[in-house]
Amino acid sequence: MKKLSYLLLAFVVAFITSCAVTPDVQPTTVDNTLPVANGGLDISFTDATINSTGSVVAASGDNVNVSLLIKKTALGGKPRIMRVYVSDKANYRATGATPLFEIKLKNKDEQTQTIDYTVSPTSGKVYIHFDVYDNTSTSDDVTKSGNNVTRKTLVVNVSADGQVASWPSILLGAQLNAAGSRVSTATGDVYKVCDLDSNMKYVDVTYAVVGATAKPTLMSNPARSASFGLGTTAGAATDCAGSYTGGGSATYFVAASSADFTNATDATLAALAVTSAAPQSITVTSGGIYAFLNGRGKKGLIKVTSIPDATTSGTITFDVKVQK
């Protein structure tokens with residue numbers, strides 16, 4: 001009888017065990033949504049089209065160059081540091097993501113900062129997040145309290161075709177003119193002299209009137225001093241007097257009077273007969289068309305539309321088309 005009781009007990013235990021419900025193991029969730037941006041800086045793209053659409057089109061291998069105008073407002077401190085993150089999803093940042101760039105900003109109320117991103121996907125979208133901390137932040141970690149971070153996002157729509165950047169009516173001043181003398185053909189930005197130090201690598205075309213016969217001349221930034229003896233420090237009238245304005249990458253120029261500027265494409269620009277064997281300066285005339293090869297390996301065309309005053313106090317206006 002005792003043996004039968006043990007068997008019955010074993011059967012009951014086995015039955016209960018077989019009917020027990022094992023709870024599902026819940027995976028640990030990771031929140032990859034973008035941290036809240038609660039800063040009060042004023043951040044805008046310098047390109048009006050990008051500023052209105054928040055997006056650009058570029059092909060795999062193209063360079064996306066954008067400039068941001070960063071301003072202090074009454075709501076926050078001065079810009080301090082910018083971190084740039086890239087994602088393939090909207091409103092997303094992988095946990096522990098390393099920024100593509102981390103840039104220490106100037107202790108200024110207003111400044112322009114340019115970034116360069118090379119597209120690697122062949123289709124889809126890329127999201128570039130620009131996180132700017134101001135100097136009221138108590139931490140560089142956006143996930144912590146006591147910080148102030150302002151964010152601007154750019155969407156890159158990836159195309160199958162190489163793209164061309166087009167900038168009409170670029171105005172540069174000669175060396176004694178108050179207008180800026182240097183432009184980035186990647187962004188169309190004419191830089192203020194005090195923004196040159198952190199953006200010099202993007203400057204590829206500059207203007208001066210040189211020589212005994214006062215020749216209007218387009219040139220690379222290094223050629224300004226190396227070939228023509230122009231100064232390499234900011235003037236006393238600027239808020240960065242004495243800062244270095246020399247250096248930068250080489251740009252090469254040739255005349256291209258037969259080039260089709262109006263219908264230029266990535267393919268026709270790539271076929272331009274300009275190489276690093278060409279000079280880093282060229283004398284120009286109103287109506288002339290000139291090809292260039294910049295330090296990023298991109299080719300482009302410049303069409304001069306006006307040289308109203310071919311003196312060291314004058315200006316030049318031109319249109320640009322360049323490979324992205």
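Side chains included, hydrogens not; waters and symmetry mates left out as well; all remaining heavy atoms used.
- Residue pairs meeting the side chain to side chain donor-acceptor pair (under 3.5 Å) criterion with at least one member in residues 34-52, sequence neighbours excluded: T46-D189.
- V66 places a side-chain heavy atom less than 4.5 Å from the side chain of I115.
- The structure places CD1 of I70 at 9.5 Å from OG1 of T150, a figure rounded to the nearest 0.5 Å.
- No donor-acceptor contact under 3.5 angstrom links the side chains of Y202 and S67, judged on distance only.
- A donor-acceptor pair under 3.5 Å is absent between the side-chain atoms of T213 and the main chain of K215, judged by distance alone.
- Here the closest heavy-atom approach between residue Q280 and residue P222 is recorded as OE1-CB, 4.3 Å.
- In this structure, OG in S198 is found 12.5 Å from NZ in K104, a value given to the nearest 0.5 Å.
- Of the possible donor and acceptor atoms, none in the side chain of T315 sits under 3.5 Å from a partner among the backbone N and O of G173.
- Atom CG of L301 and atom OG1 of T268 lie 7.0 Å apart (nearest 0.5 Å).
- Between Q111 and P79 the shortest side-chain heavy-atom distance falls below 4.5 Å.
- The closest side-chain heavy-atom distance from V126 to P121 is below 4.5 Å.
- The number of heavy atoms from other shown groups lying within 6.0 Å of NZ (K72) is above 12.
- In plain terms, the two heavy atoms of A234 and C240 that are nearest each other are CB-O, 3.5 Å.
- Between the side chain of K321 and the backbone N or O of T262 there is at least one donor-acceptor pair closer than 3.5 Å.
- A distance-only check finds no donor-acceptor pair linking the side chain of T251 to the backbone of S220 [under 3.5 Å].
- Within the 3.5 Å criterion, the main-chain N or O of G40 finds a donor-acceptor partner in the side chain of T73.
- Counting all heavy atoms, side chain and backbone alike, A174 lies closest to S181 at O-OG, 3.7 Å.
- The side-chain heavy atoms of M82 and F101, taken from C-beta on, include no pair separated by under 4.5 Å.
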*D116 and K201: side chain to side chain contact (heavy atoms under 4.5 Å, CB included), yes or no, with the steps?*
CA-CA 10 Å; D116 181 5; K201 66 180 179 179; 5.6 Å; no
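- D319 contributes a side-chain N or O that, together with a main-chain N or O of S169, makes up a donor-acceptor pair within less than 3.5 Å.
- Heavy atoms only, all atoms of each residue included: S60 and V158 are closest at N-CG1, 4.3 Å.
- Under the 4.5 Å side-chain heavy-atom criterion for ILVMFWY residues, no single connected hydrophobic cluster contains both Y127 and L154.
- I128 and Y85 are members of different hydrophobic clusters when ILVMFWY side chains are connected at heavy-atom separations under 4.5 Å.
- Nearest heavy atom pair, residue T153 against residue H129, reads OG1-ND1, 2.9 Å.
- Residues N63 and T118 have side chains that bring a donor and an acceptor to within less than 3.5 angstrom of each other.
- Listed by chain and number, the hydrophobic cluster partners of I302 are W167, I170, L172, V183, V190, V205, Y207, V209, L218, F253, I282, V284, Y290, F292, V304, I307, I316, F318, V320, V322, where partners are ILVMFWY side chains within reach of under 4.5 Å, directly or through others.
- Between A179 and L171, the shortest heavy-atom distance links the atoms CB-CD2, 3.8 Å.
- With rounding to the nearest 0.5 Å, the separation of CG in L34 from CZ in R93 is 5.5 Å.
- Remark: side-chain polar atoms of N135 are paired, donor with acceptor, to backbone N or O of K78 under 3.5 angstrom.
- Residues V86 and V64 share a hydrophobic cluster, clusters being chains of Ile/Leu/Val/Met/Phe/Trp/Tyr side chains in contact below 4.5 Å.
- At least one donor-acceptor pair closer than 3.5 Å links the side chain of D62 to the backbone N or O of Q163.
- Remark: side-chain polar atoms of N199 are paired, donor with acceptor, to backbone N or O of T112 under 3.5 angstrom.
- Annotation: the span from K324 atom NZ to S166 atom OG amounts to 10.5 Å, rounded to 0.5 Å.
- In the hydrophobic cluster analysis, where Ile, Leu, Val, Met, Phe, Trp and Tyr join through side-chain heavy atoms closer than 4.5 angstrom, Y252 is grouped together with L272.
- Only one option out of K192, K108, K106 pairs with D197 in a salt bridge (Lys or Arg N to Asp or Glu O under 4.0 Å); it is K106.
- Within the 4.5 Å cutoff, the side chain of S55 has no heavy atoms near those of the K125 side chain.
- Atoms CD1 and CG, on I43 and L41 in that order, are 5.5 Å from each other to the nearest 0.5 Å.
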*How far apart are the C-alpha atoms of K298 and T185, what are their side-chain angles, what is the distance that settles it, and do they pass the side chain to side chain contact (heavy atoms under 4.5 Å, CB included) test?*
CA-CA 10 Å; K298 305 297 183 178; T185 63; over 6 Å; no
_Test side chain to side chain contact (heavy atoms under 4.5 Å, CB included) applied to R224 and T245, step by step_ = CA-CA 10 Å; R224 293 179 71 86; T245 61; over 6 Å; no
*Apply the test side chain to side chain contact (heavy atoms under 4.5 Å, CB included) to residues M200 and Y191: give CA-CA distance (whole Å), side-chain angles for both, the deciding distance (0.1 Å), then the verdict.*
CA-CA 9 Å; M200 182 58 77; Y191 290 108; over 6 Å; no
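- In terms of hydrophobic clustering, with Ile, Leu, Val, Met, Phe, Trp and Tyr side chains grouped at heavy-atom distances under 4.5 Å, V155 and L100 are assigned to different clusters.
- Side-chain contact between L68 and V132 is absent, with no heavy atoms from C-beta onward closer than 4.5 Å.
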